[in-house]
Engineer: 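Can you keep this structure in mind? I'll have questions shortly.
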Amino acid sequence: MNAKTDLRRLAALILCFVTVAIVGAPSAAAAHVLESQKLRLEIDDSGRIVSLKNRIADQGKGVEYLRSAGQLWRIYLQEDDELDIEVTPNDSAVGPRISKIATPAGPALRMVWPSLTRIRKNGLDITPEPLPISVEVTATLPDDATASDEIRWTISITNSTAPGAKVAVRECHFPLVGDLNLDPGQKLLWSKQGGELHANPRKKVADQFTAYKGSDHLFRVLHLSYPSFHAASANCFAFVGERQGLYFGCHSTRFETTLHQFRMYPVEKVPGTSMGVFDKPSAKLEAGFVRFPGIVAGTTWTEGEFVTAPYSGDWHVVAKKYRRWADTWFRKNPDGTPVAAAKTVPEWIRRMNGWQRVILRHQHGEIHYRYADIPQIHADGAAAGINTFFMFGWQKGGHDNHYPDYTPNPKLGTEREMLDGINHFNKNGGHVILYTNGRLIDRVSDYYKAHGADPLILDPFGNEVLDRYTFTGPGNFAKLFVGRYFALACPSSSIWFDHLRAQADLAAAYGCHSLFLDQMGMEEPPCSNPAHNHPPHWVGSIAAKADIIRRLRDHLRTLNPNLGLGVEIISDVGGQHADYVHSLFTGSIGPHGFLEFFRYTFPEIILSDREIRDDSNIEPRVNRAVLLGIRSDVEIYRCRRTIAETPHYQGYLAKINALRQRQADILLEGLYTDTDGFTNSNPEVQARSFKRGTDNSATSNKAFAVVVTQSTSNSAKTTITVPAGLRFASHDGVGSPEVTRVSATEVRVSLPQHALAVLLFESAK
């Protein structure tokens, strides 16, 4: 062997050593452990999770949720005008310092990366550079260490780059669990529009494909934003099975924009292409959260806590975990004192069957009803047991036009005719909900001309952030060319709050029983308007909206204790202070719909159904609303007609609403408890439980009801059994169900197709 060969081999060995240091090769040992009777977490010397185990599931054998180690976090930088610069612990030339520490909360592992390494890519040139950004991660096992199944994570990032370098940390992905080992039967449970279940999580992620704009050759990615227009209603998700699962929770009371992110990494490329193979079992599935901290030079961002929990039980454990955390802030004032909103919701809302949602004049100019027709709208709804009118398109310009110039529309009649119509509802025991939009400002409106950019959301370049809505008649011109562009109001703007408070005053002055704020349950795009009292690229809009809802509801109560406030879009933080939520969801109607998740987690929030728009498939959809304890949103032909246009729906809803009123104390004012407190012998029969009153205690022995229904067979039978503390009292129903008392705690039910029965139990004490 000559000297040149030796030098070449030495150079190769040095190159290998440098490469290993840069990419952060795994340690041979995973020596850093947090362990309880229920879980085991192992971290290797590179700061990667190498084991996350449920120790007691599967008859004590333990379930390992990782197939191989994966990075715990990653960040993305902005340097001047270059975005999405990825930095990971695998890139770092400096490994973490890892120590086991004692904290007031319990034993913990602390991992500190004192500096990072940026891999600078200039074409084909790749240069590692030291990066003066430090990361500290803490993983804590709660103080009840023998019983805990949760790891609670915090992260702190300090940006020590020079201000002149213009480097900011824009994104933080944390905590990440990579190369997930899921049981074949485990499903993805997320809270999209109230809840969805996806039976094949890996396929769901692998099927995502952007075709042109994304990095599909690197990974496939699936996002769900919390809380957004068509997205997450709660800041958690889980992989659930019948006996065990893996919970992810972002338990942060900042309530800032959060992505629930799922990535699938290929393990091989398609020969001759840049595409990866994602549909094989060896492809790696990663799950975690994404936050947008905006850490500029000289600042530190700390966030926690995030939770990962390999738990035992079914999906109800997920709901209970999230609710335990939510109880620390749900329906609280800013000072932490309880709001007690459940006791102050007006009785007419608590016992409301639902509403007719009718657009009087549409965006494209079509008039569906005039003010003089409001008494007929009342009569059509009353025939179905609906005495509340959700009045859309009542104002100048019609629906989704000229917001927020809310004045009566002379094309619909006089203001006196509108007030007479509202008074007709009031005199006949009905209620009118006054529509207003909580965020949209038409750029041709008088309000926009008067206030300019002062209340608006502006992007980092000073541009207005716009939204567009288009409604059409039978033609195409309006659809293609006439959709309205709206600027967006920033919920931090005091000018905008003054406008919304004036709308509350207007609703009271008109004699309406409620103000409705459209689109208020969702987050807004980041705002960089320097006129507002928030930092640039502010992502805290939903917390500000929740505070607006609380303040407006309190203001309405001072005007009249019977005045209510409703919002659109299901979310925990947005809905907590509203009297009712007009849903926007697939959660109870789509093939993956699982509204049970949100109803069980937050049973106090009054929700509506949605999208029953004609006379088809009526019984199953209406029965499901009763089964879940949600109100009926009547929106015939997309709010263009009353329920008189659908006589079958009108007739069946009349029967259901009579039942709702007979059993209002439990079906409308009771607490939805899903499948708790009883057993159902036939899984083809749907059955859900309710407690009378608002006591959410698992040991509460108040009166109890089980709603049962089925639409899949000509006839089906089941036996419902309750604990010994209850005894069967009576039953009610629609569709001729046959109910037989077998014993005090056992009831046999025979259900013709579409029948629905309410089984009533009382305390045996």
Side-chain angles (χ1 to χ4, degrees), residues 38-39 54 56-58 63 65 147-150 182-183 185-199 201 232-251 260 307-328 330 570 572 585 587-588 592-605 607 624 627-630 670-683 685-691 694-702 704-708 720-723 725-726:
K38 294 185 177 179
L39 69 79
N54 179 344
I56 65 173
D58 200 16
V63 177
Y65 277 101
S148 178
D149 61 3
E150 297 183 356
L182 301 178
D183 287 344
Q186 285 185 315
K187 302 176 181 180
L188 171 61
L189 169 63
W190 64 11
S191 63
K192 183 176 181 180
Q193 297 177 359
E196 285 188 344
L197 273 174
H198 292 274
S233 303
N235 211 355
C236 66
F237 62 89
F239 298 98
V240 301
E242 293 183 0
R243 294 185 299 175
Q244 55 95 22
L246 182 61
Y247 170 87
F248 292 75
C250 178
H251 295 183
H260 303 171
V307 175
T308 54
Y311 66 88
S312 298
D314 65 10
W315 69 267
H316 293 90
V317 176
V318 174
K320 290 173 182 176
K321 282 184 178 296
Y322 191 77
R323 181 57 195 249
R324 276 196 298 272
W325 168 69
D327 281 337
T328 65
F330 185 74
I570 303 172
D572 51 7
F585 62 80
S588 73
H592 308 292
F594 198 67
L595 189 61
E596 285 90 338
F597 171 74
F598 194 86
R599 285 291 290 132
Y600 185 74
T601 311
F602 296 100
E604 304 94 331
I605 297 178
L607 302 178
R624 182 156 173 79
L627 192 76
L628 297 183
I630 57 181
L671 196 76
Y672 176 81
T673 48
D674 198 63
T675 57
D676 287 353
F678 72 97
T679 60
N680 171 22
S681 67
N682 184 356
V685 171
Q686 298 181 74
R688 302 292 185 270
S689 60
F690 294 80
K691 290 180 181 177
T694 57
D695 184 355
N696 201 20
S697 168
T699 60
S700 174
N701 202 26
K702 294 184 177 180
F704 184 77
V706 179
V707 177
V708 292
I720 302 296
T721 306
V722 299
L726 296 171

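Residue numbers run from 1 in the order of the sequence given.
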Engineer: Indicate yes or no: at least one non-hydrogen side-chain atom of K187 is less than 4.5 angstrom from one of L197.
Structural biologist: yes
Engineer: Please name the pair of heavy atoms, one in D149 and one in Y311, separated by the smallest distance, quoted to 0.1 Å.
Structural biologist: OD2-CB, 3.4 Å
Engineer: Side chains of T721 and F678: does their closest heavy-atom pair fall under 4.5 Å?
Structural biologist: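 No, every pair of side-chain atoms sits at 4.5 Å or beyond.
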Engineer: Is a side-chain donor or acceptor of N54 paired with a backbone partner of L39 at a separation under 3.5 angstrom?
Structural biologist: no
Engineer: To check you understand the geometry: which heavy-atom pair defines the closest contact between N680 and A687, and what is its length?
Structural biologist: ND2-CB, 3.9 Å
Engineer: Give, for atom CZ of R243 and atom OG of S312, the distance between the pair rounded to the nearest 0.5 Å.
Structural biologist: 9.5 Å
Engineer: Answer yes or no: is there an ion pair linking K321 with E150, defined by an N-O contact shorter than 4.0 Å?
Structural biologist: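 Between E150 and K321 there is a salt bridge, with a charged N closer than 4.0 Å to a carboxylate O.
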Engineer: Side chains of H251 and N235: donor-acceptor distance under 3.5 Å anywhere?
Structural biologist: no
Engineer: So W315 and F597, do their side chains get closer than 4.5 Å, heavy atoms only?
Structural biologist: yes
Engineer: Taking atom CZ of F248 and atom CG of L189, what is their separation to the nearest 0.5 Å?
Structural biologist: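 If I round to the nearest 0.5 Å, the distance is 12.5 Å.
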Engineer: Short question: side chain of S689, backbone of G677 - any donor-acceptor pair under 3.5 Å?
Structural biologist: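 No, the answer is negative, given that no donor and acceptor are paired below the 3.5 Å cut-off.
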Engineer: Is there a side-chain contact between F330 and I605, using heavy atoms and a 4.5 Å cut-off?
Structural biologist: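 Of all side-chain heavy-atom pairs linking I605 with F330, at least one is under 4.5 Å.
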Engineer: Tell me every residue that passes side-chain hydrogen bond (donor to acceptor under 3.5 Å, both in side chains) with Q686, counting only those two or more places apart in sequence or in another chain.
Structural biologist: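 Not a single residue meets the side-chain hydrogen bond (donor to acceptor under 3.5 Å, both in side chains) criterion with Q686.
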Engineer: Would E596 and R624 pass as an ion pair if we require N to O under 4.0 Å?
Structural biologist: yes
Engineer: Quick one: does Y672's side chain get under 4.5 Å of I630's, heavy atoms only?
Structural biologist: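 No, every pair of side-chain atoms sits at 4.5 Å or beyond.
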Engineer: So H316 and Y600, would you call those rings parallel, tilted or perpendicular, with 30° and 60° as cut-offs?
Structural biologist: perpendicular
Engineer: Between CD1 of I56 and NZ of K38, what distance do you get to the nearest 0.5 Å?
Structural biologist: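 Separation between the atoms: 5.5 Å.
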Engineer: Would you please classify the geometry between the F237 ring and the F239 ring as parallel, tilted or perpendicular, with 30° and 60° separating the classes?
Structural biologist: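 Ring orientation, 0 to 90° scale: perpendicular.
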Engineer: Once you round to the nearest 0.5 Å, how far does CG of L595 lie from CD of Q193?
Structural biologist: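 L595 atom CG to Q193 atom CD measures 10.5 Å (nearest 0.5 Å).
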Engineer: A side-chain contact here means heavy atoms from C-beta on lying under 4.5 Å apart; do Y247 and V317 qualify?
Structural biologist: no
Engineer: Could you check whether any side-chain heavy atom of T675 comes within less than 4.5 Å of a side-chain heavy atom of R688, counting everything from C-beta outward?
Structural biologist: yes
Engineer: Under 3.5 Å, side chain of R599 to main-chain N/O of L628, donor-acceptor pair present?
Structural biologist: yes
Engineer: Kindly write out the residues that satisfy side-chain hydrogen bond (donor to acceptor under 3.5 Å, both in side chains) with D572, not counting sequence neighbours, or none if the list is empty.
Structural biologist: Y226, Y322
Engineer: Can you tell me how far apart CD (E242) and CD (Q186) are? Round to the nearest 0.5 Å.
Structural biologist: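 Result: 11.0 Å between the selected atoms.
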Engineer: Let me see the working for F598 and I570 under side chain to side chain contact (heavy atoms under 4.5 Å, CB included), right down to the final yes or no.
Structural biologist: CA-CA 9 Å; F598 194 86; I570 303 172; 3.5 Å; yes
Engineer: If you look at every heavy atom in K691 and F704, which pair is closest and at what distance?
Structural biologist: CG-CD1, 4.2 Å
Engineer: Any side-chain heavy atom of I720 within less than 4.5 Å of one from V708?
Structural biologist: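 Counting from C-beta outward, I720 and V708 do come under 4.5 Å.
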